[in-house]
Amino acid sequence: MDNQYRIETKCVQSGWQPKNGEPRVLPIYQSTTFKYETSEQMGRLFDLEESGYFYTRLQNPTNDFVAQKICDLEGGVAAMLTSSGQAANYYAVFNICEVGDHCIMSASVYGGTFNLLTVTMKKMGIECTVVDPDLPEEELAKAFRPNTKCVIAETIANPTNVILDIEKFANVAHAHGVPLIVDNTFATPINCRPFEWGADIVTHSTTKYMDGHAMAVGGCLVDSGNFDWEKYADKYPGLTTPDESYHGITYTKKFGKGAYITKATAQLMRDLGSIQSPQNAFLLNIGLESLALRVERHCSNAQKVAEFLEAHEKVAWVNYAGLKSNKYHALAQKYLPKGTCGVISFGLKGGRKQSEALMDHLKLAAIVTHVADARTCVLHPASHTHRQMTDEQLRDAGIAPELIRFSVGIENVEDIIADLEQALAQV
Ligand SMILES: *Cc1c(COP(=O)(O)O)cnc(C)c1O
């Protein structure tokens, strides 16, 4: 889409651009397959000699229009949808790493990503070094090895709200000839576009703010087109040497800046099949249309809720980068000047028991595993997502036993605060 448009306009108008007489609204191509007149043409599609749809496991028009919108929002060159955020992060790394390779990951990433890299991908022969994201560049540099192939981190970490110094991470990755992958789920491209700060690949769990209504699990992978794979050709043979499973195509030679996403589609999606359903892509697109409006409200509401909590006598601490007292406030001002996200974590002075009691007294805020949707919701990691851990193990993981993750929705903020007020009065 015309790049002069501002991001709010892109949310609404990018992606599906109907031609004369076509439907105004993005159609759902609810079809596994696509019909051709000659067998020869179908053959050319399979050889990637010609572009076109043939089977929805690889590509579907509905998905591609939505991926195009997210690509425009992030300012990338190519994008693909996946069935979940987990699949997006898996593909992002596995597209450029194989057995014997190594990657570096920020310690504060989402638990699912942490497990993916340190447990499951380790079994596939890919090693991962976990680093403290607040380390200076010289210290981070020590984690690199000759076989390091990428660095992965989150703009705003879920649920610790650690803000990534993207430029620092991009500099150290590029100094070692590897790309930086940034999971931009919590920030969304409305508040931060990591490519503008040097990130090379962006991933999303579209399940969160992008969908925004807790309707559809999904993910997305976006390439900036900026990383020069050919310059480090021996490190990335999957992109720079012939793919025998595609008649000897070399992705960088044939597709240029589209190499990374074409490989992820033609090879990983073909073989692993984590495609998003066109129905879910349609729902995601509706969510994206109001993304800019919702994110603005999530942030202004969360700021007021965080300030209310910080001033409350029963609250021991509040972690929200929008607060001046927060360790990451300066980084948030630099990378996320419009606001961070709607997710706050806090603890009560009475500790774990009191935190649990508070949750039971909340009426508007619902207890759910989800975060980042229109409805305010709340989770106590120590008794839910991390319940197998002892208090000591929780502290080691950076999660206080009394930590409450509070995901501020887009309701009237006075109602959200009143709900917290009445619940706090009862504990
Ligand atoms: C939820 C989440 C994921 C995983 O996404 P799913 O859509 O649940 O698979 C990955 N990264 C971040 C930052 C998340 O919040």
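Each ligand, and each atom within it, is numbered from 1 in the order the structure gives.
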Among K263, K149, Q267, the one residue meeting side chain to side chain donor-acceptor pair (under 3.5 Å) with N95: K263
Say whether Y209 and D373, considering side chains only, have a donor N or O and an acceptor N or O under 3.5 Å apart. no
Verify the distance criterion only: is there a donor paired with an acceptor across the side chains of D165 and Y335 at less than 3.5 Å? yes
With a distance cut-off below 6.0 Å to the six-membered ring centre and an angular limit of 45° from the axis, does K208 pair with Y110 as a cation-pi contact? yes
Quick one, list the residues around ligand 1 where some non-hydrogen atom comes in under 4.0 Å, by chain and residue number. S84, G85, Q86, N89, Y110, E154, N158, D183, T185, F186, S205, T207, K208, V217, G218
Let me see the working for W197 and F195 under ring-ring contact (aromatic ring centres under 6.0 Å, His included), right down to the final yes or no. CA-CA 5 Å; W197 300 101; F195 295 156; over 10 Å; no
Heavy atoms of other groups near K349 NZ, more than 12 under 6.0 Å: yes
